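Please read these numbers as outputs of a predicted model, since none were measured by experiment.
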Amino acid sequence: MNQAEIICTLLIVVAALAILAKKVALPYPVLLVIGGLALGLVPGLPAVQLNPDMVFLFLLPPLLYPAALFTSWRDFRANLSQISLLAIGLVLFTTAFVAVLAHTLTGLPWAAAFVLGAIISPTDAVAATAIANRLRVPQRIVTVLEGESLVNDATALVAYRFAIAAIMSGRFSLSEASLRFILVALGGTGIGLAIGWLASHVQRRLDDPPVQITISLLTPFGAYIPAERLHVSGVLAVVAAGLFLGWRTPQILTSRTRLNLYVFWEMMVFLLNGLVFVLIGLQLPRILHALSGQSLKQLVWHGVLISCAAIVVRIAWVFTVTYLPRMSPAWRKRDPYPAWRNVTIVAWTGMRGVVSLAAALALPLTLADGRTFPGRDFILFITFCVILATLVLQGLSLPALIRRLGVVDDGLANVEERAARLKANEAALAYLREVDSQFPPDIVERLRAEYDDRIRQLEVCASTGGDRTDGFIAPSYQRLQQDALDVERRTIIQLRDEYVINDEVLRRIQSDLDHAEARLQAPE
């Protein structure tokens with residue numbers, strides 16, 4: 001099979017497994033990894049290798065960028081201390097703990113053990129977003145998990161590169177590494193903000209959705225590549241650009257472009273996610289082949305121990321940094337104790353993914369003096385074990401754990417949405433009162449009646465605490481609206497079939513009906 005046939009086959013597998021995941025109510029990243037693993041064990045199929053350069057350059061930027069683009073800067077900033085403790089503190093602590101454990105268990109050289117720790121320390125942005133967004137949990141949990149997974153890749157990759165450099169050069173300076181870490185982080189963030197600022201000024205002057213979507217697609221690469229060339233953090237550059245443009249997008253893009261942009265990135269993220277997780281599963285035969293001749297039982301035992309260590313370290317760290325600082329009355333007054341059930345969800349959601357595997361695959365084959373890189377095959381196998389254990393064990397058990405703990409969405413986003421809609425409609429109504437003399441009275445009155453009706457619906461919804469069974473938003477009212485839209489849709493299709501209207505007219509009317517249906521189905 002050539003490359004095009006392989007990609008098409010993998011996309012078919014992704015679509016089939018995503019459909020199956022929805023049928024069996026499982027997080028689709030978990031099922032895709034298992035499916036890829038099963039596919040990789042089928043004899044006779046061509047080997048599919050995951051090129052680390054392809055992951056870091058072509059997959060990582062467009063996966064991180066939309067996650068940052070659609071992250072709420074307000075929520076990210078409000079939870080920055082918790083995110084930093086996880087994205088920096090937990091990554092470095094996990095790196096050190098795993099290094100000590102791996103060195104003790106296997107005698108792996110210290111520098112190589114730290115490489116292993118850095119590789120498996122970051123949680124995966126793709127897995128966290130894909131799983132957390134499909135579970136009805138409080139928004140703060142989702143914000144912390146997504147924020148952590150956006151930033152921790154940068155911490156882990158910097159630690160990874162320092163450990164590699166220590167192995168290759170034979171020396172390491174903690175003070176030099178600490179200073180370099182700060183410079184790498186600041187440099188990457190600065191480049192990302194500069195690219196975001198430049199992209200926003202270009203986008204502001206355009207009103208051409210295809211061109212603007214193309215610019216949006218190129219923006220993460222425009223941030224990542226210069227940052228990497230200057231030896232600063234490309235990950236932080238992409239995240240900074242995404243957060244900056246996410247804040248500016250509502251002001252600089254037209255409604256037409258925004259609607260198309262959301263659909264584009266939703267489709268892009270799904271396809272890239274699917275390919276990434278299937279490719280992870282497909283790597284097992286190659287890894288096992290590299291380890292032929294070694295005791296598989298002992299390797300699996302080491303993989304289990306280190307996987308359990310990575311999970312336990314995260315649980316201990318999350319509970320410690322959540323509750324220990326709040327022993328201070330000042331801290332507790334500023335940020336009260338969170339519910340232990342919510343903390344448990346954050347502690348358990350520690351899936352690893354494509355960045356860890358790509359980093360392991362990118363390890364040099366030999367050192368500068370020609371010797372084999374110490375423990376390379378072992379590091380690759382352990383990395384795969386940790387990815388598989390965290391994705392399957394934690395990914396499969398997370399929905400059941402959430403139900404068992406009784407963690408539910410706190411509804412704060414819905415409350416904020418209703419309040420914002422009410423204020424926006426009241427502002428529009430006030431504007432109509434100011435300009436009623438400039439337009440025909442019947443037009444102003446008709447539009448004013450529409451806004452009055454919307455405000456009544458929102459006030460009824462607020463007075464019932466968001467209960468969708470009362471007033472204007474009862475399910476029967478929604479069903480009636482849906483039925484009326486279906487009648488309109490059937491009518492215009494019939495007119496097209498009878499050659500009364502052409503397809504262009506059909507698409508224009510159908511687009512309005514589709515938007516009306518989307519608003520009807522959106523949560524209040």
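In this structure a side-chain-to-backbone donor-acceptor pair under 3.5 Å is missing from Arg341 to Val407. Not a single donor-acceptor pair under 3.5 Å links the side chain of Thr94 to the backbone N or O of Val91. Within the 3.5 Å criterion, the main-chain N or O of Thr95 finds no donor-acceptor partner in the side chain of Ser121. Using a distance-only test at 3.5 Å, with no hydrogens or angles considered, no donor-acceptor pair links the side chain of Thr123 to the main chain of Gly350. With hydrogens and angles ignored, the 3.5 Å screen pairs no side-chain donor or acceptor of Ser511 with any backbone N or O of Arg507.
Atoms CH2 and CG, from Trp301 and Leu105 in turn, are 9.0 Å apart once rounded to the nearest 0.5 Å. Atoms CG and CG, from Leu63 and Leu150 in turn, are 11.0 Å apart once rounded to the nearest 0.5 Å. One finds the CH2 atom of Trp340 at 9.0 Å from the CD1 atom of Ile345 (value rounded to the nearest 0.5 Å). Taken to the nearest 0.5 Å, the OG1 atom of Thr155 stands 11.0 Å off from the CG atom of Leu86. Atom OG1 in Thr189 sits 9.5 Å away from atom CG in Leu243 (nearest 0.5 Å). Between atom CG of residue Leu363 and atom CZ of residue Phe373 there is a gap of 5.0 Å, rounded to the nearest 0.5 Å.
Taking both residues in full, the closest heavy atoms of Ala227 and Ile191 are given as CA-CD1, 3.7 Å, listed atom of the first, atom of the second, then distance. Taking all atoms of both residues into account, the shortest heavy-atom contact from Val235 to Ala154 is CG1-N, 3.9 Å. The two residues Ala223 and Ala241 come nearest to each other via the heavy atoms CB-CB, 4.2 Å. Shortest non-hydrogen contact noted between Leu245 and Gly196 is CD2-O, 3.4 Å. Taking every heavy atom of both residues into account, Gly395 and Val30 meet most closely at CA-CG2, 3.8 Å. Heavy atoms only, all atoms of each residue included: Gly242 and Tyr65 are closest at CA-CE1, 3.6 Å.
Between Tyr262 and Arg258, some side-chain heavy-atom pair lies under the 4.5 Å cut-off. The shortest distance between side-chain heavy atoms of Thr322 and Pro338 falls below 4.5 Å. Val232 is not listed as a side-chain neighbour of Leu183, based on a closest heavy-atom distance of 4.5 Å or more. Proximity of Leu259 to Val263: side-chain heavy atoms (C-beta onward) are nowhere separated by under 4.5 Å. Leu10 is listed as a side-chain neighbour of Leu282, based on a closest heavy-atom distance under 4.5 Å. No side-chain heavy atom of Leu60 sits less than 4.5 Å from a side-chain heavy atom of Val238. Ile195 is not listed as a side-chain neighbour of Phe244, based on a closest heavy-atom distance of 4.5 Å or more. For the pair Leu367/Met168, a side-chain contact is recorded, criterion being any heavy-atom separation below 4.5 Å from C-beta on.
Residues meeting the salt bridge (charged side-chain N to carboxylate O under 4.0 Å, His left out) test with Arg140, sequence neighbours left out: Asp335.
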For Phe277 and Leu391: C-alpha separation, side-chain torsions, deciding distance, then whether side chain to side chain contact (heavy atoms under 4.5 Å, CB included) applies.
CA-CA 10 Å; Phe277 286 113; Leu391 270 178; 4.0 Å; yes
Val355 vs Leu157, test: side chain to side chain contact (heavy atoms under 4.5 Å, CB included). Steps then yes/no.
CA-CA 9 Å; Val355 172; Leu157 290 176; 4.3 Å; yes
Please list, one pair per line, the donor and acceptor atoms closer than 3.5 Å that link side chains of residues 212-222 to other protein atoms, with sequence neighbours excluded.
from: Gln212; atom 1: OE1; to: Asp208; atom 2: N; distance (Å): 3.0
from: Gln212; atom 1: OE1; to: Thr257; atom 2: OG1; distance (Å): 2.9
from: Gln212; atom 1: NE2; to: Gln203; atom 2: O; distance (Å): 3.4
from: Gln212; atom 1: NE2; to: Gln203; atom 2: OE1; distance (Å): 3.2
from: Thr214; atom 1: OG1; to: Pro210; atom 2: O; distance (Å): 2.8
from: Ser216; atom 1: OG; to: Trp265; atom 2: NE1; distance (Å): 2.9
from: Thr219; atom 1: OG1; to: Ile215; atom 2: O; distance (Å): 2.7

For residues 108-117, please give each side-chain donor-acceptor pair under 3.5 Å, one per line with the distance, not counting sequence neighbours.
from: Trp110; atom 1: NE1; to: His103; atom 2: NE2; distance (Å): 3.3

Mind listing the side-chain donor-acceptor pairs of residues 302-320 below 3.5 Å, one per line with the distance, residues two or more places apart or on another chain?
from: Ser307; atom 1: OG; to: Gly303; atom 2: O; distance (Å): 2.7
from: Arg314; atom 1: NE; to: Val346; atom 2: O; distance (Å): 3.2
from: Arg314; atom 1: NE; to: Ala347; atom 2: O; distance (Å): 3.3
from: Arg314; atom 1: NE; to: Thr349; atom 2: O; distance (Å): 3.4
from: Arg314; atom 1: NH1; to: Glu148; atom 2: OE2; distance (Å): 2.7
from: Arg314; atom 1: NH2; to: Glu148; atom 2: OE1; distance (Å): 3.0
from: Arg314; atom 1: NH2; to: Val346; atom 2: O; distance (Å): 3.0
from: Arg314; atom 1: NH2; to: Thr349; atom 2: O; distance (Å): 3.2
from: Trp317; atom 1: NE1; to: Leu85; atom 2: O; distance (Å): 3.1
from: Thr320; atom 1: OG1; to: Ala316; atom 2: O; distance (Å): 2.7

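Pairs of residues two or more places apart, or lying in two chains, that qualify as side chain to side chain donor-acceptor pair (under 3.5 Å) and include a residue from residues 379-402 are Trp348-Ser397. Residue pairs meeting the side chain to side chain donor-acceptor pair (under 3.5 Å) criterion with at least one member in residues 224-248, sequence neighbours excluded: Arg161-Glu228, Arg248-Gln251.
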